[in-house]
Amino acid sequence: MKAFSFERAIDAAQAAKRAFEMPGSKFIAGGTNLLDLMKHEIEVPPHLIDVTHIGLDEITATDDGGLRIGALVSNTALGADERIRRDYPVLSRALFAGASSQLRNKASTGGNLLQRTRCPYFFDPKMPCNKREPGAGCAALDEGADTRQLGVIGTSDHCIATHPSDMAVALRVLDAEVETIDPEGRTRRLTLDEFYLLPDDTPEVENALSPGEIITAVVLPAPVGGTQRYFKVRDRASYAFALVSVALIEQENGEGRVALGGVAPRPWRRDDADAELANGATAVMAKLLDGARPTPDNAYKLVLAERTLAALLAKE
Amino acid sequence: MDFNQSADENLFDRARIIGKPHKRIDGALKVTGTAPYAYERNDVVENHLVGYPLGASIAKGRITRMDAAAARNAEGVAAVITALDIDELPRADSNVAKLFGGDLVEHYHQAIAVVVAETLEQARAATSLIEVEYEETPGEFDLDDAWKRLQDRDVINEVGDVDAAFERAEVSIDEIYHTASQSHAMMEPHASIADWCDGKHLTLWTSNQMIAWSKKALATTLELDEADIRLESPFVGGGFGGKLWLRADAVLAALGSRETGRPVKVALPRPFIFNNATHRSGTVQRLRIAANKDGRITAFDHSAISHTLPGGSGEDAVNQTRCFYAGENRRVAHHAIDMNLPEAADMRAPGEASGLAVLEIAMDEMAEKLGLDPVEFRILNDTQVNPEEPHKRYSDRHFVECLQKGSEAFGWRERNKVPGSRREGQWLIGQGVAGAYRGAITMDSGARVRLSQGKLVVETDMTDIGTGSYTIIAQTVAETMGVTMDEVEVRLGNSAYPVSSGSGGQFGAASSTAGVYAACLALQEEIGKRLSIESPRFENGRVVSGDQDLGLFEIEGEELVGEDTLHFGDFQDEIELGTFGAHFVEVAVNAYTGETRLRRMLSVCDAGRILNPITARSQVLGGMVMSIGAALSESLSIDTARGFFANHDLAGYEIAVHADIPEQEVIFLDTLDGASTPLKAKGVGELGICGGAAAVANAMYNATGIRLRDYPLTLDRMLDRLPAI
Ligand SMILES: Cc1cc2nc3c(=O)[nH]c(=O)nc-3n(C[C@H](O)[C@H](O)[C@H](O)COP(=O)(O)OP(=O)(O)OC[C@H]3O[C@@H](n4cnc5c(N)ncnc54)[C@H](O)[C@@H]3O)c2cc1C
Ligand code: SF4
């Protein structure tokens with residue numbers, strides 16, 4: 001860990017402004033991801049801005065019947081919230097499928113969205129990684145690499161990492177939007193597909209945030225009802241990142257939405273795949289995973305995704 | 001004291017304290033966080049510095065340049081010692097990989113520098129300022145490649161005519177299996193504080209299973225007299241064999257201390273546990289079994305390979321196949337392949353854990369082919385002699401009872417016999433059985449017992465690695481000396497104390513209690529002399545002889561000391577000493593995703609006198625948990641081009657968590673083995689991990705009809721064979 005300076009922000013606008021003034025600085029919320037990365041010197045911010053005192057720790061109703069989740073609401077509080085459990089159960093289930101209770105108590109909504117990949121080579125500072133060090137090469141794409149956990153779609157010749165968040169998969173299927181404020185005090189809202197950028201030849205750029213811009217909230221549209229489920233597949237029963245996860249909202253007429261986790265650099269969803277839901281898992285995945293480029297070690301994820309959706313759709 | 005023949009009836013057969021459930025006497029220290037673990041010995045060390053290691057970033061080659069100038073100038077840094085600053089340190093017999101010094105790189109994350117600073121953060125930050133250049137040489141990292149190339153397998157032993165037996169065989173199998181490389185992944189990393197300020201006398205507070213071995217290894221490595229070294233390791237936060245040896249933490253701390261003239265502490269960072277410390281090698285195994293139609297086995301042919309750095313011995317997975325089941329013709333071969341991965345060495349039940357994981361699947365396959373119940377098939381092939389050397393009888397073997405008692409308690413008879421046909425919703429349910437065997441090694445063990453100020457103080461360099469040594473040693477003293485548990489104080493893990501067996505190979509409990517017993521008898525003799533009485537009895541805190549009856553703690557005069565070492569005699573070489581067990585497992589396999597979840601597991605153990613059912617049960621439970629991890633998720637994934645374990649943290653290396661072990665039960669058979677020790681006890685610390693993984697594999701087969709032969713038994717290996725969707 002490199003020595004760093006530290007300050008505590010009093011509100012989001014001020015935090016954004018300060019972040020802009022201090023190039024390379026980082027916000028720190030729960031610290032459950034950032035601190036680990038700093039210990040390994042994967043992140044080396046010269047300056048930290050503590051955002052845990054800027055408020056934004058409430059869930060409030062929006063005018064159009066949805067909910068606005070403050071960026072500092074903890075994963076535990078969000079998952080346990082009565083409105084979330086009643087109207088957005090897929091989100092609650094995804095949250096409780098993630099990490100451990102100790103981590104969820106500390107983890108914030110904004111931090112969860114911005115947690116970094118779990119690619120083993122990203123986590124080893126001695127390995128070449130384009131995401132850590134642009135242009136260094138990608139150890140995961142070299143022969144002999146361990147890629148069992150890595151991505152199969154949306155990846156590039158420069159990076160095949162996945163985004164590890166469970167919460168984000170549920171937010172994607174719920175059409176949530178990320179609300180931000182920038183150093184000039186301007187706010188905007190981004191869909192998750194706008195927010196998360198695919199790696200292409202710049203895997204180090206993971207999202208659309210501009211320098212200093214801070215997440216203030218996640219906005220859920222009005223509830224869409226239906227049966228909502230989250231199926232996270234993993235080798236051990238708890239405390240593991242998803243090999244594949246499926247968030248599903250199924251309406252009584254057979255229509256619905258599907259998003260995948262564990263397969264791509266962002267929660268993975270396509271409208272044309274949603275449209276196939278009534279035709280079953282195979283039809284959905286033919287669209288959703290069209291263009292997949294797995295490695296020999298992770299090709300199983302294509303089969304697994306289809307079977308996991310089938311499990312959710314099966315009436316047993 | 002020499003133990004030269006089987007123990008007859010003795011005081012332990014009328015035990016008040018041995019064999020009874022006593023809570024850990026060190027439990028309060030642990031739950032209050034006050035047990036003195038090595039890294040936190042602020043009670044004895046002042047003014048220390050903190051060292052942080054730098055690991056090599058290649059697997060094989062030479063360091064051509066190191067520049068530590070920036071690190072030396074960094075804030076708080078007191079010293080930087082690089083591998084190029086000193087010659088390669090001499091290797092102790094027990095070390096295969098070199099620990100430090102010189103330009104040669106033998107494996108990834110080999111320690112190549114240590115930075116010593118005022119704080120951990122300063123030391124850690126400065127390590128990354130060290131510039132290193134290497135000349136890399138290609139290495140060998142792929143065990144499957146080696147298996148394909150391998151022509152000459154070392155035959156360890158052959159009995160009878162194996163080839164002829166397979167030609168004649170009415171039923172046989174011939175399959176290839178894989179087990180994964182595994183990490184000890186103990187909670188407490190390797191950690192040491194060294195005080196070598198004067199460059200002559202070295203005191204090391206460390207976390208180590210084997211005090212005497214490590215003292216010797218330190219003497220060799222640092223070229224010191226053993227007399228100038230003191231080692232303390234009173235508490236060890238898990239070892240599993242990973243702390244049998246001297247490792248880099250101790251060496252780097254010592255070098256740092258000599259350099260700075262202040263005590264220095266070093267803990268291996270978590271990634272170093274995987275690539276700097278030792279691990280269990282993966283294996284490729286081919287197993288053939290032949291039998292007559294009636295189910296009697298006629299031949300075994302088991303060959304295996306594992307990896308090791310040149311000079312090491314790898315993971316010998318064929319050993320148990322030599323003696324566990326009957327059969328006249330048998331051949332085993334193990335080949336340790338030189339590869340350039342980190343050092344492979346012992347991990348809990350070295351050899352047997354990997355060997356039984358395979359043998360016990362093969363036994364299931366044979367039973368099925370023969371149309372026999374897998375429990376019956378095993379019973380049919382039980383043996384009371386070592387089948388390679390039939391004149392050697394098992395001293396005490398109740399494997400059949402383990403199977404029978406387990407069947408009964410588990411409800412084996414009601415199980416569904418048709419694989420893949422029991423379904424509950426989306427889950428396929430199956431049950432499996434496996435046998436367990438682990439040798440019952442004994443090691444000479446010494447202790448000293450002092451009658452001192454109202455209590456008995458026992459001192460031995462035996463360690464407690466979470467196993468319960470403190471408690472069973474107190475029980476042994478209390479039993480032998482006729483006092484209560486709280487009149488005994490146990491001091492362990494210090495090189496100033498008599499040399500014991502140490503903790504490893506499940507020999508610690510049986511051996512060290514025998515040594516303590518011998519020391520108690522020595523003390524009794526001293527007491528007899530002091531009181532001038534013949535053959536005193538020690539009962540209820542009193543010394544009784546004829547009409548003499550005196551309180552033990554009322555004896556006057558100087559402190560009385562009894563010290564002795566129990567030597568195990570050669571007669572043990574002429575018999576087979578073993579521990580036995582049977583595991584029964586029920587799993588649910590998701591018919592869609594292939595996720596496998598344990599539902600319940602029962603293990604029945606035959607291990608002689610159980611010294612303390614609470615601590616013994618914990619040991620077996622822990623072994624069972626590790627076998628679940630080995631079966632379902634634990635695997636060091638090898639980057640076969642770069643030559644290292646890529647998943648080097650506890651998020652990537654998945655040991656079993658609570659949700660993976662919902663229900664476990666242990667039953668101990670009420671057995672005694674007088675040929676083992678005066679207490680008639682054997683170890684149980686490793687029995688629980690032996691065979692458990694195969695019980696899971698067999699249960700998965702029963703659930704799905706899919707036979708997996710490669711560990712870990714993850715879903716990607718069977719997705720294509722699960723029921724169609
Ligand atoms: C062992 C382990 C297991 C885990 N398992 C899972 C799992 O199974 N599933 C899962 O989904 N997650 C898992 N996690 C990840 C966990 O969910 C994240 O670490 C957590 O959500 C991050 O939140 P935080 O508040 O601690 O973020 P921090 O660590 O504080 O920050 C993370 C990043 O977000 C940035 N940031 C924080 N807040 C804001 C903001 N308001 N605006 C802009 N940027 C911001 C920080 O600058 C930093 O870059 C696991 C983590 C660990 C350590
Ligand atoms: S896959 Fe991405 S994160 Fe992983 S090593 Fe390659 S560039 Fe880095």
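Sequence lines set the chain letters: A, B, ... in the order given, protein chains first and strands last, and positions in each chain run from 1.
- B/A591 touches chain A through its backbone: at least one of N, CA, C or O sits under 4.5 Å from a heavy atom, while the side chain does not.
- At a heavy-atom separation below 4.5 angstrom, chain B is approached by A/A139, A/D142, A/E143, A/G144 within residues 136-144 of chain A.
- With values rounded to the nearest 0.5 angstrom, B/E654 atom CD is found 11.0 Å from A/Y239 atom OH.
- Only the backbone of B/A56 comes within contact range of chain A, with at least one heavy atom under 4.5 Å from a heavy atom of that chain.
- The choice from B/I655, B/T596, B/D649, B/N590 that makes the most heavy-atom pairs within less than 4.5 Å of chain A is B/I655.
- For chain A, no part of B/R270 is nearby; none of its heavy atoms comes within less than 4.5 Å.
- Residue with the most contacts toward chain B among A/V44, A/D235, A/T147: A/D235 (heavy-atom pairs, distance under 4.5 Å).
- Contacts of B/H648 with chain A are made by side-chain atoms alone, with heavy-atom separations under 4.5 Å and no backbone atom involved.
- Per-residue counts of heavy-atom pairs under 4.5 Å with chain A were compared for B/L715, B/I638, B/D660; the largest is that of B/D660.
- Neither the backbone nor the side chain of B/P712 has a heavy atom closer than 4.5 Å to any heavy atom of chain A.
- Contacts of B/I661 with chain A are absent, with no heavy-atom separation under 4.5 Å from either backbone or side chain.
- You'll find the side chain of B/R642 reaches within 4.5 Å of the side chain of A/M127, heavy atoms only.
- B/N647 contributes atom CG, which lies 13.0 Å from atom CZ of A/F123 (distance to the nearest 0.5 angstrom).
- Minimum heavy-atom separation, A/P120 to B/A646: CB-O, 3.6 Å.
- Of all residues in residues 133-143 of chain B, none places a non-hydrogen atom less than 4.5 angstrom from a non-hydrogen atom of chain A.
- Heavy-atom distances place the side chain of A/L243, and not its backbone, under 4.5 Å from chain B.
- Atom CD of residue B/E634 and atom CZ of residue A/R236 lie 9.0 Å apart, to the nearest 0.5 angstrom.
- Closest approach of B/R124 to A/E41, counting heavy atoms only: O-OE2, 4.3 Å.
- Both the backbone and the side chain of B/L722 come within contact range of chain A, with heavy atoms under 4.5 Å apart.
- Contacts of A/R148 with chain B are made by side-chain atoms alone, with heavy-atom separations under 4.5 Å and no backbone atom involved.
- Distance alone, capped at 3.5 Å, is enough to place a donor-acceptor pair between the A/K126 side chain and the B/G55 backbone.
- Top candidate by heavy-atom pairs under 4.5 Å with chain A, chosen from B/G425, B/G629, B/A656, is B/G425.
- Between chain A and the residues B/S637, B/S633, B/P269, the most heavy-atom pairs under 4.5 angstrom are made by B/S637.
- Side-chain atoms of B/D639 and A/D146, non-hydrogen and from C-beta on, never get closer than 4.5 Å to each other.
- The minimum heavy-atom distance between A/Y300 and B/L719, with the atom names listed, is O-CD1, 3.6 Å.
- Scanning both residues, A/A310 and B/I725, for their nearest heavy atoms gives CB-CD1, 3.8 Å.
- We find the CZ-OG distance between B/R597 and A/S238 to be 9.5 Å, quoted to the nearest 0.5 Å.
- If you measure heavy-atom distances from A/K301 to chain B, you find no contacts under 4.5 Å at all.
- In this structure the side chain of B/E595 reaches within 4.5 angstrom of the side chain of A/F231, judged on heavy atoms.
- Closest approach of B/P723 and A/R307 over heavy atoms only: O-NH2, 2.6 Å.
- Across B/S128 and A/K2, no two heavy atoms sit closer than the pair OG-NZ, 3.0 Å.
- Top candidate by heavy-atom pairs under 4.5 Å with chain A, chosen from B/E75, B/Q122, B/R423, B/E121, is B/R423.
- For chain B, the option among A/D297, A/V244, A/V303, A/L304 with the highest count of heavy-atom pairs below 4.5 Å is A/L304.
- When only modelled atom types and interatomic distance are considered, A/D124 and B/Y108 share a side-chain donor-acceptor pair under 3.5 Å.
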